[in-house]
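Numbers here simply count residues along the sequence, with the first being 1.
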Amino acid sequence: MTGGGTSLTGTLVRLKLALLRNGLRQSAGRRAAYIASAVVTLLIAALQLLGLVLLHGNEHAATVGVLLTALLALGWAVLPLFFPSGDETLDPTRLAMLPLQPDPLVRGLLVASLVGIGPLFTLSLAGGAAYAVAHGAAAAAVAVLAVPLALLTCVALARTVAAANIRLLTSRKGRDLAVLSGLVIAIGAQLVNFGVQRLGSSGGLSTLDPVRDVLLWVPPASAIGAVDAASHGSYGPAAVRLVLCAVGLAGLLVLWRRALTRLMTSPDGSTIQAAEPTRRARRTGGRRLLPSGRTGTVMERSLRYVWRDPKTKAAWVTSLAIGLIVPVFNALQGTGSVYFACFASGMLGIQMYNQFGQDTSAFWMVAMTIADRRDAYAELRARALALLLITLPYAALVTVVTTALLDAWHDLPEVLGLSFALLGAMLATGAWTSARFPYSIPQEGYKNVAPGQAGLAWISIFGGMVAAALLCAPVLALTVTLHATGADNWSWLLLPVGTAYGAAVAVLGLRLAAPRTAARLPEILAAVSKG
């Protein structure tokens with residue numbers, strides 16, 4: 001068994017520093033990325049700190065400080081779930097074979113967790129929030145205790161959440177949880193934007209005072225609330241809020257200790273004999289809902305990529321979320337247009353670009369099945385049909401929801417027609433650019449383009465989108481003509497016209513891309529296998 005907690009704490013701190021140092025030694029690119037992210041983070045922290053310092057004495061300083069501390073705690077709680085690979089020391093099971101006692105291990109990991117940019121960022125914001133509300137010597141004395149308490153509570157919260165979910169986070173399905181980060185970020189950004197606009201039109205920060213009054217008693221925001229209470233001479237509430245934060249920290253440490261004990265002593269999947277095959281695994285030959293032959297096989301493979309491949313799933317989740325959020329939130333804010341519903345078709349149509357890149361080096365198995373342009377056309381057509389299986393009903397749903405929110409039912413047929421025409425154009429250009437500008441998608445890390453292929457990705461996506469917009473020009477011209485001539489009653493014609501035009505353009509694009517795909521199979525394989 002390792003000796004005292006102090007020696008173990010020092011060992012874990014040195015281990016954290018060694019992991020950081022060795023990680024930076026792996027490549028110059030990683031060092032540059034780390035330094036750049038550190039500079040940006042510290043710059044944001046400095047600007048936030050300056051803003052909080054300038055807020056000192058403002059009547060809304062307590063509201064901002066308390067809410068900011070609560071948001072910091074929320075971030076510490078959820079980030080380990082979305083980015084489990086961001087800190088290798090989040091996985092305590094790596095220490096399971098060592099003779100360690102729970103209490104020294106908790107203390108050591110807690111101190112080691114204070115090493116990094118994240119804790120420094122949190123410390124600066126918590127210190128700024130405390131300074132913004134502190135008035136007088138008593139409040140300053142309380143702040144000396146409150147700021148470290150808030151920081152330790154945030155760190156302990158992150159470690160407790162990570163320890164409680166580490167079995168999930170280190171599994172394949174758990175790593176797939178990271179794909180939700182795109183959805184959360186997209187929704188969160190729109191919610192923040194929506195909230196800021198509402199605040200500006202409904203009385204400002206004073207509308208958040210009821211939320212602040214609740215969070216004043218919730219750790220770690222209660223620590224900043226203690227400083228605010230001491231500034232007003234309310235020493236009783238200040239002491240209670242400090243005690244609440246300390247109790248919250250102690251409770252998190254107890255939960256963390258129990259989670260560590262369970263992780264170190266309970267068996268996992270590697271020590272338990274494999275269970276009998278499930279009924280789902282035993283089922284074979286279930287009723288197929290997809291076409292037979294090559295078309296159904298390729299469609300099923302593409303849909304499995306969407307469900308199982310983390311990078312493909314992340315792209316789809318993000319596109320589905322943003323495609324709905326942009327038109328709906330703009331409609332709710334009263335600044336939207338019914339034509340924003342076409343954003344859904346645009347976001348989902350992007351998934352047709354770089355079709356072979358998602359196969360990576362496994363594309364050679366697909367290439368073995370393509371002997372001529374007919375095989376290439378069958379392959380591209382099946383991939384497009386798999387995409388349409390999701391995009392068509394989704395684009396229609398977003399359009400109906402948007403028109404309902406804006407009460408613009410008269411415009412529904414023409415917007416649907418424009419959406420379908422845009423989707424068909426993006427399928428056509430996506431198939432062509434997939435064959436002409438393929439690029440590799442790294443399976444590890446968060447990069448979506450292999451080094452040296454960024455130019456290909458930009459040309460493929462943005463060049464294809466410009467081409468798709470140009471292909472939609474006839475339908476757009478018809479729309480403008482109908483409205484300019486006052487023939488709005490005939491706008492319903494855009495639904496069949498746009499649908500037929502989109503289908504024709506998609507088929508034409510697939511047929512033009514097929515011979516190029518068949519002729520460039522070696523080049524495509526080399527490009528998508530890079531990295």
> Do other residues, nucleotides or ligands put more than 12 heavy atoms under 6.0 Å from His232 NE2?
Replying inline: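 Not buried by this count: 12 neighbours or fewer within 6.0 Å.
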Would you compute the distance between atom [atom1] of [X] and atom [atom2] of [Y] and round it to the nearest 0.5 angstrom?
X: Leu55; Y: Gln48; atom1: CG; atom2: CD; result: 11.0 Å
X: Leu47; Y: Leu42; atom1: CG; atom2: CG; result: 11.0 Å
X: Leu324; Y: Ile322; atom1: CG; atom2: CD1; result: 11.0 Å
X: Met426; Y: Gln351; atom1: CE; atom2: CD; result: 9.5 Å
X: Ser234; Y: Arg241; atom1: OG; atom2: CZ; result: 7.5 Å
X: Leu105; Y: Leu110; atom1: CG; atom2: CG; result: 11.0 Å

Can you tell if the side chain of [X] reaches within under 4.5 Å of the side chain of [Y], non-hydrogen atoms only?
X: Leu114; Y: Leu152; answer: yes
X: Val528; Y: Asp359; answer: no
X: Leu68; Y: Leu125; answer: yes
X: Leu12; Y: Lys16; answer: no
X: Asp228; Y: Ile224; answer: no
X: Thr312; Y: Trp307; answer: no

> How would you list, by chain and number, every residue that makes a side chain to side chain contact (heavy atoms under 4.5 Å, CB included) with Arg257, sequence neighbours excluded?
Replying inline: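 With neighbours one apart ignored, the set is Pro102, Asp103, Val106, Thr261.
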> Can you list the residues that meet the side chain to side chain contact (heavy atoms under 4.5 Å, CB included) rule with Arg258, with sequence neighbours excluded?
Replying inline: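 Result, side chain to side chain contact (heavy atoms under 4.5 Å, CB included) vs Arg258: Val254.
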Would you name the heavy atoms of [X] and [Y] that are closest together and state the gap between them?
X: Ala139; Y: Ala230; value: CA-CB, 3.8 Å
X: Trp217; Y: Val240; value: CZ3-CG1, 3.8 Å
X: Ala38; Y: Ile117; value: CB-CD1, 3.2 Å
X: Ser319; Y: Leu348; value: CB-CD2, 4.0 Å
X: Leu157; Y: Ala73; value: CD2-O, 3.4 Å
X: Ala156; Y: Leu252; value: CB-CB, 4.1 Å

> In a check of side-chain contact (heavy atoms from CB on, under 4.5 Å) between Val13 and each of Leu8, Val111, Leu109, which one passes?
Replying inline: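 That would be Val111.
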>> Consider side-chain contact (heavy atoms from CB on, under 4.5 Å). Of Val247, Val66, Leu244, Leu215, which one does Ser222 pass it with?
In response: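 That would be Leu244.
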Check residues 141-151 and write down every donor-acceptor pair under 3.5 Å in which the side-chain atom is one partner and the other belongs to a residue at least two apart or another chain.
none

Would you give me the side-chain donor-acceptor pairs under 3.5 Å for residues 336-345, sequence neighbours excluded?
unit_1 : atom_1 : unit_2 : atom_2 : d
Ser337 : OG     : Tyr339 : N      : 3.2
Tyr339 : OH     : Glu414 : OE1    : 2.7
Ser345 : OG     : Ser419 : O      : 3.2

Distance-only criterion, 3.5 Å: show the donor-acceptor pairs between side-chain atoms of residues 390-399 and protein atoms not counting sequence neighbours.
unit_1 : atom_1 : unit_2 : atom_2 : d
Thr391 : OG1    : Leu387 : O      : 2.9
Tyr394 : OH     : Leu320 : O      : 2.3
Thr399 : OG1    : Ala395 : O      : 2.7

> Is there a donor-acceptor pair under 3.5 Å between the side chain of Thr69 and the backbone N or O of Ala221?
Replying inline: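 No, because the side chain of Thr69 does not come within donor-acceptor range (under 3.5 Å) of the backbone of Ala221.
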> Is a side-chain donor or acceptor of Thr63 paired with a backbone partner of Arg212 at a separation under 3.5 angstrom?
Replying inline: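 Not confirmed, Thr63 side chain does not pair with Arg212 backbone.
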> Would Ile350 and Met465 count as a side-chain contact (heavy atoms from CB on, under 4.5 Å) if you check the C-alpha gap in whole Å, the side-chain angles of each, and the deciding distance to 0.1 Å?
Replying inline: CA-CA 8 Å; Ile350 293 176; Met465 291 172 65; 4.2 Å; yes
>> Show every side chain to side chain donor-acceptor pair (under 3.5 Å) that has at least one partner inside residues 121-134, sequence neighbours left out.
In response: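 Listed once each, the pairs are Trp76-Thr122.
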